[in-house]
Peer 1: 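First the structure, then my questions, so here it is.
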2 protein chains.
Amino acid sequence: MLKKQLIMEKALELFSEQGFESTSVQQITERCGISKGAFYLSFKTKDELLVSMVEYYLQQFVTEIDQVVRGSLSKDVILVEFYKSIFQAFKKHSASARVFFNEKVLLTKKELFQKISAYDAEMSKSIIYMLEQLYRDELHKTKYDVMYCIKGFMKSYAELFIFSDIPLDLDQLAKSLAEKTDIIARHTTIPFITEDLVQLTAKPCNEEVTKESLLELIDQHLSGLEESIERDSLELLKFQIDDLTYSKAIVKGLIENIRLRPEHRWVAYMLKKFFKI
Amino acid sequence: MLKKQLIMEKALELFSEQGFESTSVQQITERCGISKGAFYLSFKTKDELLVSMVEYYLQQFVTEIDQVVRGSLSKDVILVEFYKSIFQAFKKHSASARVFFNEKVLLTKKELFQKISAYDAEMSKSIIYMLEQLYRDELHKTKYDVMYCIKGFMKSYAELFIFSDIPLDLDQLAKSLAEKTDIIARHTTIPFITEDLVQLTAKPCNEEVTKESLLELIDQHLSGLEESIERDSLELLKFQIDDLTYSKAIVKGLIENIRLRPEHRWVAYMLKKFFKI
DNA sequence: TTGACAAGTGACCAATTAGTCATTAGTATA
DNA sequence: TATACTAATGACTAATTGGTCACTTGTCAA
């Protein structure tokens, strides 16, 4: 488990410097100080490494946003906090942002295209949730357009973080974009993005959270977890999936236990979806 | 000259399907129906092909936008026409868009990073020109932010064209984005992007149009041009660069002659810059 | 000290790569 | 027809690639 993380970190450095295809397994193992054989003990192929990385880093990003959006912030700061956390993430993880937001070669591999689209759809859902909380039914016709605008702001301003390291005033940026978002939300009248269109583009990731995939995910996390409250909680939840015995309140509490560790936020997020909490 | 074009076209197809690094010279020559040796008669290396392609396709795009922006359209349609032409281009050249707007591995090669940044800066200038025409000094504090928003809208909505071929109503889209742009321009009060910041990010492409580079560009175009009015015009302009004898009016007319052919728009654009017309 | 088993090694392999160059095909002039 | 030229070929090379596997090392309990 730790070896895997080491490889992913060093690989991320190299990918962000040279790109995925131009980086050889040899280079990765050299930077890790391990042998080629050791690499193939952790990952079956080079592609599998990439898939794991996409999962690992995009999960972090998507979950972080969702947490801000669903956190109990007051309405007048939520937009500012939303943007602040996004650009904080871009700043902190500029290497992974470079790889996963820009190296779209990734998208030529079908499996990854679906994975990345799915994470993108998750992010869209979070944004829509935020807009619904903020504006209720004021913008029922234009909410998807506003969502596209927000994603556009993110992409455009993210370049400042990804391709240079100029010191920037995050607070000012967040305020500026929050204002723009509010203005757009309040004044837009001509919609373009319809619900159907969103569903069309998000098709490949419509899959529900299946029992199987969830169980697999849990086992994966259990394997790297020593005896602890978190482990117990996760095991209890695992049985809960097949056979619902405890009340919603208990389940929610167990999930909360898990979410405390940042590396388990994603499982928590998926569990919440499954149990509809 | 024609062979080069054939190679660039087929290479574009392959790059958009598989990415640059995953496409071999062999594959390119096979799709062209030529031998490997023939490829290396047109391009010294695989990298040189990529550079030529960036120049060829981004030039087209940037010049097209500039033409719309500087065309004599009335103020109330210019924004709509701007967006319409942009997304028309995305639709028509979705393959090159996929490669050059998304495969940012390109950016790990320094030479290309500078080239692409330079074209991006050209586009930014066109957008700023448009905003200045539309709003005069109404938005002197926020024009760079509005420019960033416009680029964000482009990036966000472009995905609809690049990653799917859903039939879309271009007019509706253009209207919708024009409205959003106008709203942002009129209401934004908190600026973030300052002139200095723009200059910082655009540093590598600040170079003026030098005599040498312009002469080289002209020779390049002359080499593939039979006897014609265009050829005569271009030759006259070539001498004009070293020794200004004709009036501005004549020079402008000569440039206009050249611009009639779409493949020469870029030379025309650079000449205009050089002669400050 | 022994033995058993997992963790780790790196020489090795077949396949593929970008790029070269001696050779040939095609064409225009004399 | 002979000559001189360029355009085009594809077998070749040297290097690199992702991936394997017979082997060594380290770490336990007995």
Side-chain angles (χ1 to χ4, degrees), chain A residues 1-54 99 103 105-106 108-112 219-220 222-227, chain B residues 1-15 17-54 99 103 105-106 108-112 220 222-227:
Chain A
M1 202 64 178
L2 266 167
K3 182 66 56 66
K4 270 195 178 185
Q5 203 132 338
L6 171 72
I7 293 173
M8 288 201 279
E9 269 166 37
K10 299 299 179 189
L12 182 65
E13 286 174 25
L14 284 160
F15 292 169
S16 100
E17 289 162 18
Q18 318 171 339
F20 173 72
E21 295 286 352
S22 313
T23 302
S24 67
V25 176
Q26 186 108 226
Q27 281 177 297
I28 296 170
T29 58
E30 270 165 23
R31 189 166 291 198
C32 291
I34 62 171
S35 70
K36 224 169 170 196
F39 174 91
Y40 283 96
L41 286 177
S42 290
F43 300 96
K44 269 203 282 294
T45 63
K46 193 188 169 192
D47 277 347
E48 198 194 276
L49 164 66
L50 186 60
V51 173
S52 300
M53 285 173 70
V54 168
V99 176
E103 182 159 358
V105 212
L106 310 177
T108 60
K109 320 208 172 209
K110 267 185 210 126
E111 191 193 356
L112 275 186
D219 283 331
Q220 212 176 303
L222 278 173
S223 76
L225 202 56
E226 72 294 356
E227 291 298 327
Chain B
M1 203 64 179
L2 266 168
K3 181 66 57 68
K4 270 194 178 184
Q5 203 131 338
L6 171 71
I7 294 172
M8 288 200 281
E9 267 166 39
K10 299 300 180 190
L12 182 66
E13 287 175 24
L14 284 161
F15 292 169
E17 291 162 17
Q18 320 172 338
F20 173 72
E21 297 285 352
S22 312
T23 302
S24 69
V25 175
Q26 186 108 224
Q27 282 177 295
I28 297 170
T29 58
E30 268 165 23
R31 189 166 291 197
C32 292
I34 61 171
S35 70
K36 224 169 170 196
F39 174 92
Y40 284 97
L41 286 177
S42 290
F43 301 97
K44 270 204 281 293
T45 64
K46 193 187 169 193
D47 276 347
E48 199 195 273
L49 164 66
L50 186 60
V51 173
S52 300
M53 285 174 69
V54 168
V99 176
E103 182 159 359
V105 212
L106 310 176
T108 59
K109 320 211 172 207
K110 265 183 212 132
E111 191 194 356
L112 274 187
Q220 211 176 302
L222 278 174
S223 76
L225 202 56
E226 73 294 355
E227 291 301 328

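To find a chain, count down the sequence lines: A is the first, B the second, and so on, and within it residues start at 1.
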Peer 1: Considering only side-chain heavy atoms of A/Thr45, which listed nucleotide, D/dT17, D/dG19, C/dG19, is closest?
Peer 2: D/dG19
Peer 1: Just how far is it from atom CD of B/Glu13 to atom OG1 of B/Thr23, taken to the nearest 0.5 Å?
Peer 2: 11.0 Å
Peer 1: At under 4.0 Å between heavy atoms, what does B/Ser42 touch on the DNA or RNA strands: base, sugar-phosphate, or nothing?
Peer 2: nothing
Peer 1: Taking CD1 from A/Ile28 and P from D/dG18, how many angstroms apart are they, rounded to a whole number?
Peer 2: 8 Å
Peer 1: Considering all heavy atoms of both residues, which atom of A/Phe15 and which atom of A/Leu50 are nearest to each other, and what is their separation?
Peer 2: CE1-CD1, 4.3 Å
Peer 1: Measure CD/B/Glu21 against C1'/C/dT16 and give the value in whole Å, please.
Peer 2: 14 Å
Peer 1: Are side-chain heavy atoms of A/Lys46 and A/Phe20 found at a separation under 4.5 Å?
Peer 2: yes
Peer 1: Specify the separation, in whole Å, of atom CD of A/Gln18 and atom P of D/dT16.
Peer 2: 14 Å
Peer 1: How close or far is atom P of C/dA7 from atom CZ of A/Phe43, stated in whole angstroms?
Peer 2: 15 Å
Peer 1: Among B/Lys10, B/Gln5, B/Lys4, B/Lys3, exactly one meets side chain to side chain contact (heavy atoms under 4.5 Å, CB included) together with B/Ile7. Which residue is that?
Peer 2: B/Lys3
Peer 1: What is the separation between atom CG on A/Leu49 and atom P on D/dG19, rounded to the nearest whole Å?
Peer 2: 11 Å
Peer 1: Given atom OH of A/Tyr40 and atom P of D/dG18, what is their separation to the nearest angstrom?
Peer 2: 6 Å
Peer 1: How far apart are the closest heavy atoms of B/Leu49 and B/Ala11, and which atoms are they?
Peer 2: CD2-CB, 4.0 Å
Peer 1: Hey, does the side-chain of B/Lys46 have a donor or acceptor N/O within less than 3.5 Å of a partner on the base of C/dG19?
Peer 2: no
Peer 1: Using whole Å, report how far CD1 of B/Ile34 lies from C1' of C/dA25.
Peer 2: 16 Å
Peer 1: Please figure out whether A/Ser24 or A/Gly37 has its closest DNA chain D nucleotide nearer the 5' end.
Peer 2: A/Ser24
Peer 1: Between C/dT9, C/dA18, C/dG8, which one does the side chain of A/Lys3 approach most closely?
Peer 2: C/dG8
Peer 1: Which nucleotide in the list D/dG10, C/dG10, D/dA8 gets nearest to the side chain of A/Lys36?
Peer 2: C/dG10
Peer 1: Tell me the interatomic distance from A/Leu41, atom CG, to D/dA22, atom C1', rounded to whole angstroms.
Peer 2: 14 Å
Peer 1: Report which part of the nucleic acid A/Thr29 touches: base, sugar-phosphate, or nothing (heavy-atom distance under 4.0 Å, all strands).
Peer 2: nothing
Peer 1: Taking the minimum atom-to-atom distance to the side chain of B/Ser35, which one of D/dG18, C/dG19, D/dA8 wins?
Peer 2: D/dA8
